[in-house]
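Below is one structure, written out as structure tokens; comments come after it.
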Amino acid sequence: MKKNNKIYIIDVTNRDGVQTSRLGLAKLQKTMINIYLNKMGVYQSEMGFPTTHHETNYLNANVELSKRGVLKPIILSGWIRALASDVELATELTDIEHLNISISTSKQMIDGKFGGKKTKEDIIDMMIEALDLAKDKGIKTVGVNAEDSSRSDMDYLIKFAKAAREHGADRIRYCDTLGFDNPLSIYERISQLAKEVQLPVEIHCHNDLGMVVANSVIGAKAAIDNGVDAYINTTVNGLGERAGNADLVSVILALKYSRDLGRNYQLDERIKLSMAWRIAKYASYAFGVPIPINQPGVGSNAFAHESGIHADGALKDRRNYELYDFEELGRGEPEIIETGRKITAGEYSGIKGFRNVYEKLEIEFKDETEAREILELVRYANVHTQKPLTEDELRFIASYPEIAKKIFTMSP
Ligand SMILES: [Zn+2]
């Protein structure tokens, strides 16, 4: 390793992923994503919107899981606008301890969103006011997001980031909100930002031009080359606004296996690629979006060979046609699919079928009362997810019934 700084992952599936048109997750599913991300060794989950009322119970329940050591060591954070009023509301409604505060920094967006009423200086003042208040309220880490960084004037972006640093920001998020950058431009821009501001950089990229993973890892390289830590924003299966965000698994694979990157740059060593298959399959099921067959690492064709030369070559020595092993991603175990009778648990389940489902998971209840309580929660869970609950979801509900109850509770 040439460099001392590290690359960390901040996954934003539960924020950018779910805010996307036609995509959404039930609060139980968001919780399961947090659990899988934690098992995968991901540094942080941007888990939702602390100013949105229907998120309140979910967010507080997940913070409670963190305090109990269930969601640990992952850091759970929320996303809000960089407005003092948002900080006020977020800290009033939730126990969230980490925040990212976001405001636009490009001329296009400052003029376009604020209707000519805000100057560039106003933007910096608003950010500072929100940041100061968040720190006053005891928020442990605050990332400052410069929305549309890639189309922002570089001198202004540096000025904005320096102001954030002076007021105690923990990171600056460089947002390629429209997927406008390419690996060469993002390397230049993040190098300059990191060098002049000396604040850890988050790299938040979108895939409108198909370069999202390349931009993310090269953006991280730029931060490290200039002496600061890098935090790449990812989503599971790359789902996110429009053409999506940087796919979590692809980013890890690129950092480990792309020429020279793995050798020279240290990825957070807690990352367990072996969780890749499980989290990708779960997210696909929960979102109801199939994994493309050519998806890196987890697509059904990622390790498939058919043509004579390729099949023969891969069978003789897997390194002939495979850069990394499927076992490393947690693949290779046969999946058992019930082809006969199957009892599932849902919103109208009765106690007999329900007990059969849990017996198969080898979970026992201490008495009839407990069984009925868990059944009631499972029914509610299914009202939210509207699809058969997975074994891990059923296990979660049985293990933390009072947390599950909180997650399912919503009162408009
Ligand atoms: Zn985004």
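We count ligands from 1, going down the list as the structure has it; atoms in each ligand are counted the same way.
Neither side chain, Asp225 nor Ser191, offers a donor N or O lying under 3.5 Å from an acceptor on the other. For the 3.5 Å distance criterion, the side chains of Tyr265 and Lys221 qualify, holding a donor opposite an acceptor.
Ring-plane geometry between Tyr43 and Tyr8 is classed as tilted, the angle between the planes lying from 30 to 60 degrees on a 0 to 90 degree scale.
Protein atoms of type N, O or S found under 2.8 Å from the Zn ion (ligand 1) total 3.
Atom NZ of Lys140 has 12 or fewer neighbouring heavy atoms from other residues, nucleotides or ligands inside a 6.0 Å radius.
Closest heavy-atom contact between Gly17 and Phe287: O-CE2, 4.2 Å.
For Asp136, there are no salt bridge (charged side-chain N to carboxylate O under 4.0 Å, His left out) partners at least two apart in sequence or on another chain.
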